[in-house]
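First the structure, in the form of structure tokens, and then the observations on it.
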Amino acid sequence: MHQPLTLIASDEKLPESVDVVVIGGGVAGISAAYALAKKGTTVAVVEKGYISAEQSSRNWGWCRQQNRDIRELPLAQRSLEIWGRMAEEIGADVGFRRTGLIYVTDKQSDIDQWEAWGKAAQPYQMQTRMLTAAEAHEMTPGAVGNWLGGLHSPTDGRAEPSLAVPMLAEAARRLGASIHQQCAARGLELTGGRVSGVVTEKGVIRTQAVLCAGGSWAGMFCGHHGVKLPQAGVYSTSFTSVPTTEVISGGLSTPKFTLRRRLDGGYSFGLSGRGRVELSPQSLIHALTFWPTFKKRRGGLTFKIGKSFLEGPGALASWKNDQISPFERIRVVDPAADPKLVEEGLSGMTALYPALGRLKVAHSWGGLIDSTPDGIPVISGVQSIPGYYIAAGFSGHGFGVGPAAGQLAADLIRGDTPIVDPHPYRYSRMIDGTNLGAPGMM
Ligand SMILES: Cc1cc2nc3c(=O)[nH]c(=O)nc-3n(C[C@H](O)[C@H](O)[C@H](O)COP(=O)(O)OP(=O)(O)OC[C@H]3O[C@@H](n4cnc5c(N)ncnc54)[C@H](O)[C@@H]3O)c2cc1C
């Protein structure tokens, strides 16, 4: 794998039966497993590759409310509370620091957009404020930029993607959850139309409830059971520098790239809005549904036909539960970074902070970001299959909201009072067409 990641041990023996099986060991699945285990619900996580090896370790590590789709704000706010107490609760540093996040820009269109977002976010009593040009410069000492203004959220923060989910998975294990890596779920077993088990490559686990938290692969797993979950994928590039002088303690978003201070004293970089769409059968089937999103973002995207047409989450696939499934053929989606984007980010950083000189790259990697048509996740039961739940489609913002998303999934499965109103995240919108508009802020 190209990105840094802390590997953890697996439980070798599959349980015969548990209350809940979670498919997928990313932030959504592991947060749900932790929340379930904390309440004494028996849970097994099956992961086709390694815990957190796909999106959840490849992200920038931003945990933010600022500039977030308004429909996700309650989830983001509850998540920040969970992030804030996580280290103490699980006895391990997940790298969460409430360092605040700063956005600066030299474009009037960004300022207009942030102002509009600020008005829409007012009912949520957000601690964010617009920065004047002078304040934007003051808050980014040493940076060379013609800022017209900015946006600052002092209570947002950052966590360490290489650590957070593995540490939470270990905590779930200590509470009794079992974690099975290299163990793909091939399909559900149904009795009288409702969930009665999960067929994995290592055997069957009997259960009354299954949470599909399969990230980019969730649509394919759902499709195997006739459950329609449109997903589109964008390949994105990130990289880290070796440790260097601190110029910003949290995250800084500029029009060209983002940087985030890391626990190891380096920075994580991302290229805002830039990425590659690999055309696949699924992307063609859902092209019309995703058109508003692509229209909004197409300036930063390149399109190509690649291997994804024949394999991976966007391919057409059918299999039987006693056969090797597509999930076993690709254990980890591990694309390489685009060297041109790494170079753009590096030279952008040298121009922004000339005093740092040209930074040395420590790691660079690619990641496949999964999205729903309206840019917010599905966290919901599926009415047509009692006992089947989904937590997927986090559309590029799932690391920050993951802890509350997992808690919400656990609440729905257990029938507890949900941590936030689940209505915006209902599955039914994927089939009845309600709310399938373009995403809000990304
Ligand atoms: C470059 C990049 C930058 C990002 N930056 C940010 C950021 O700064 N802040 C933020 O909030 N979000 C960010 N994101 C988004 C965030 O990382 C994702 O939204 C989030 O990690 C999704 O979590 P997940 O658990 O849904 O999926 P994943 O982390 O992808 O996990 C899904 C898991 O399910 C497993 N799986 C799939 N199918 C099966 C099966 N059948 N059987 C067993 N296992 C299966 C997969 O192997 C995978 O490990 C970024 C993403 C990328 C790629």
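Indexing begins at 1, ligand by ligand and atom by atom, following the structure's order.
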Inset, instruction - Would you mind checking which non-hydrogen protein atom is closest to atom 48 (C) of ligand 1, with the distance to 0.1 Å? - result: E47 OE1, 3.4 Å
Legend entry - Presence of salt bridge, R331 and E201, under 4.0 angstrom: yes
Legend entry - Shortest heavy-atom approach to atom 28 (P) of ligand 1 - which of S56, G398, S31, P161: S56
Legend entry - Nearest-neighbour protein heavy atom for atom 38 (N) of ligand 1, which is reported as residue plus atom name and distance: W217 CB, 3.5 Å
Legend entry - Residues T191 and S196: side-chain donor-acceptor under 3.5 angstrom: yes
Inset, instruction - Check whether any N or O atom of I23, backbone or side chain, sits under 3.5 Å from an N or O atom of ligand 1, and answer yes or no. - result: no
Inset, instruction - Please say whether A28 places an N or O atom under 3.5 Å from an N or O atom belonging to ligand 1. - result: yes
Inset, instruction - Say whether R68, considering both its backbone and side-chain N or O atoms, lies within less than 3.5 Å of an N or O atom on ligand 1. - result: no
Inset, instruction - Would you check whether C183 has a nitrogen or oxygen atom less than 3.5 angstrom from a nitrogen or oxygen atom of ligand 1? - result: no
Inset, instruction - Under 4.0 Å from a heavy atom of G400: give me the atoms of ligand 1 that qualify, with their elements. - result: 10 (C), 11 (O)
Inset, instruction - Assess A184 for proximity to ligand 1: is some non-hydrogen atom of it under 4.0 Å away? - result: yes
Inset, instruction - Just go through H397, K48, R331 and tell me whose heavy atom is the nearest to atom 44 (N) of ligand 1. - result: K48
Legend entry - Heavy-atom nearest neighbour in the protein, as seen from atom 3 (C) of ligand 1, with distance rounded to 0.1 Å: N59 CA, 3.3 Å
Inset, instruction - May I ask you to list the atoms of ligand 1 that are less than 4.0 angstrom from any heavy atom of F394? - result: 19 (O), 26 (O)
Inset, instruction - Check whether any side-chain heavy atom of Y103 sits under 4.5 Å from a side-chain heavy atom of Q66, and report yes or no. - result: yes
Legend entry - Under-4.0 Å salt bridge between E170 and R173: yes
Legend entry - Identity and separation of the nearest protein heavy atom to atom 31 (O) of ligand 1: G26 CA, 3.4 Å
Legend entry - Element-labelled atoms of ligand 1 that are located less than 4.0 Å from some non-hydrogen atom of R58: 1 (C), 2 (C)
Inset, instruction - Distance to 0.1 Å, residue and atom name: give those for the protein heavy atom nearest to atom 42 (N) of ligand 1. - result: A185 N, 2.9 Å
Legend entry - Identity and distance of the protein heavy atom lying nearest atom 52 (C) of ligand 1: I369 CG1, 3.6 Å
Legend entry - Subset of ligand 1 atoms that lie under 4.0 Å from at least one heavy atom of G214: 32 (C), 34 (O), 37 (C)
Inset, instruction - Return yes if a side-chain donor-acceptor contact under 3.5 Å exists between D110 and T105, otherwise no. - result: yes
Inset, instruction - Take every heavy atom of G61, measure it against each atom of ligand 1, and state whether any distance is under 4.0 Å. - result: yes
Inset, instruction - Hey, could you give me the OG/CG distance between S238 and D338, rounded to the nearest 0.5 Å? - result: 11.5 Å
Inset, instruction - Using only heavy-atom distances, determine whether the side chains of R261 and T99 contain a donor-acceptor pair under 3.5 Å. - result: no
Inset, instruction - Name the closest protein heavy atom to atom 13 (C) of ligand 1, giving the residue it belongs to and the distance to 0.1 Å. - result: G396 O, 3.2 Å
Legend entry - For atom 9 (N) of ligand 1, closest protein heavy-atom neighbour: W62 O, 2.8 Å
Inset, instruction - State plainly whether the residues K39 and D416 are in salt-bridge range, i.e. N to O under 4.0 Å. - result: yes
Inset, instruction - For the residue pair H224 and N321, confirm or rule out a side-chain donor-acceptor distance under 3.5 Å. - result: yes
Inset, instruction - Output yes when R274 and E344 qualify as a salt bridge under the 4.0 Å nitrogen-oxygen rule, no when they do not. - result: yes
Inset, instruction - Number the atoms of ligand 1 from 1 as they appear, then name those within less than 4.0 Å of a heavy atom of S238, with their elements. - result: 1 (C)
Legend entry - Pi-cation contact, Y267 with R260 (under 6.0 Å, within 45°): no
